[in-house]
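Just so we're on the same page: letters track the sequence lines, and every chain starts at 1. Not measured: the values here are computed from a predicted model.
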Number of protein chains: 2
Amino acid sequence: MAKTGPRLHAGGAGQRELNAALSGREPDHGSLAALLRQSGLKLTPQRHLICQLIENSDGHPTAEELYESATAVMPSMSLKTVYTTLNDLAALNAIRLVNVGTGGFRVESNLEPHGHLVCRMCGTIMDIPVNPAIEEELAVPPEIEFEVEQREVTLRGLCRSCASKQGEGAGA
Amino acid sequence: MAKTGPRLHAGGAGQRELNAALSGREPDHGSLAALLRQSGLKLTPQRHLICQLIENSDGHPTAEELYESATAVMPSMSLKTVYTTLNDLAALNAIRLVNVGTGGFRVESNLEPHGHLVCRMCGTIMDIPVNPAIEEELAVPPEIEFEVEQREVTLRGLCRSCASKQGEGAGA
DNA sequence: CACCTAATTTACAACGATTGTTACTTACTA
DNA sequence: TAGTAAGTAACAATCGTTGTAAATTAGGTG
Ligand SMILES: [Mn+2]
Ligand SMILES: [Mn+2]
Ligand SMILES: [Zn+2]
Ligand SMILES: [Zn+2]
């Protein structure tokens with residue numbers, strides 16, 4: 001939805017345009033694409049596109065969603081490449097892959113500590129702040145001896161639009 | 001002849017043991033089996049067995065684990081029946097089905113509020129207490145309008161035995 | 001630039017987890 | 001006893017994801 005990015009508009013044979021747009025461009029410093037290249041992996045057009053789509057997404061796209069956006073602009077993109085790239089990015093800690101129980105995993109591009117709201121009807125995910133003081137409190141009883149690497153806070157329920165849909169059914 | 005106990009149809013081979021255990025016994029009040037019956041669903045031998053296996057489990061069995069235990073005693077049990085029964089129990093709020101990202105879901109038989117430790121290597125889940133005061137703090141920004149039904153706290157990392165295994169590898 | 005080679009992508013099969021379908025059993029009822 | 005509703009088992013199908021192997025390409029070399 002952001003118009004500030006490179007113009008990758010679809011249309012018949014978009015591949016040439018795409019390559020033109022990509023060739024000779026340094027990926028922005030700090031971007032996913034830059035991280036990929038710095039890691040030694042090749043920055044292919046497929047990977048570059050996937051990185052851009054993640055950065056322009058609502059923040060928690062699924063592999064399938066990225067795939068559909070990608071094929072609109074690069075019809076040859078394979079779903080396997082999407083998965084591979086996401087796994088590569090996750091291995092670099094450039095993204096995280098979170099499973100909130102809505103089927104497949106979702107890309108988490110917000111690496112700051114935060115929590116999630118998950119709608120049980122439509123699967124939408126939204127970020128919420130989590131007071132760092134709380135994170136501190138989420139400790140493990142010492143007798144359990146568990147090496148914590150990551151903390152997750154997830155609130156499940158109904159988003160506004162799903163709640164109103166359900167309200168209609170019951171109330172009217 | 002009106003027996004006090006449920007009239008449990010005879011099954012195939014391998015069921016004698018089970019029927020002996022079940023015959024003439026009311027399911028304990030408050031048990032999963034009792035909840036099933038109270039709900040109007042029939043308390044079949046399959047369902048009763050699954051309920052018992054859940055109650056005797058470590059607290060977070062997978063459907064597959066329950067299926068394997070079940071077939072040991074009732075070889076005709078189908079995996080589909082396990083899934084169906086788990087979904088029935090979940091619909092009655094007798095259990096919850098939680099997805100901690102370790103493949104399939106797991107049965108959660110502890111309905112008290114608590115958090116989870118999940119080992120990323122072996123998938124083991126352990127319960128941990130979560131300070132109720134923290135639960136309170138996990139609120140939704142008012143502008144988001146989200147109807148929270150459930151709160152989840154999950155800590156990921158390495159359990160003691162997996163951490164020591166990994167330590168070996170690095171040290172040697 | 002033309003070429004080389006390892007990395008990558010693709011098409012496609014396979015997989016694990018779960019659900020749909022449907023015929024067969026069983027439980028309860030009239 | 002047959003009738004009806006519920007439940008089970010066998011099996012196929014689905015979804016999300018990964019494995020495989022052949023074809024393609026990126027990025028360096030002369
Ligand atoms: Mn997020
Ligand atoms: Mn638990
Ligand atoms: Zn919703
Ligand atoms: Zn472990």
Results of salt bridge (charged side-chain N to carboxylate O under 4.0 Å, His left out) for A:Glu149 - residues two or more places apart only: B:Arg120
Taking salt bridge (charged side-chain N to carboxylate O under 4.0 Å, His left out) as the definition, give me every residue that meets it alongside A:Arg106, ordered by chain and number, with sequence neighbours left out. none
Main-chain N/O of [Y] paired to [X] side chain as donor or acceptor, under 3.5 Å:
X       : Y       : value
A:Arg47 : A:Lys42 : yes
A:His48 : A:Gln46 : no
B:Asp58 : B:His60 : yes

Tell me the interatomic distance from [X], atom [atom1], to [N], atom [atom2], rounded to whole angstroms.
X        : N      : atom1 : atom2 : value
B:Phe105 : C:dT19 : CZ    : C1'   : 11 Å
A:Arg37  : D:dG27 : CZ    : P     : 6 Å
B:Glu65  : C:dT18 : CD    : C1'   : 16 Å
B:Leu97  : C:dA17 : CG    : P     : 15 Å
A:Tyr67  : D:dT17 : OH    : P     : 14 Å
A:Leu49  : D:dT25 : CG    : P     : 16 Å

Just to confirm, is there a sub-4.0 Å distance from OP1 or OP2 of C:dT18 to any side-chain nitrogen or oxygen of B:Tyr83? yes
Could you grab the distance from atom OG of B:Ser109 to atom CG of B:Leu32, nearest 0.5 Å is fine? 7.5 Å
Contact pattern, 5' to 3', of nucleotides 1-15 of chain C - B, S or - by protein heavy atom under 4.0 Å: -----BSSSB-----
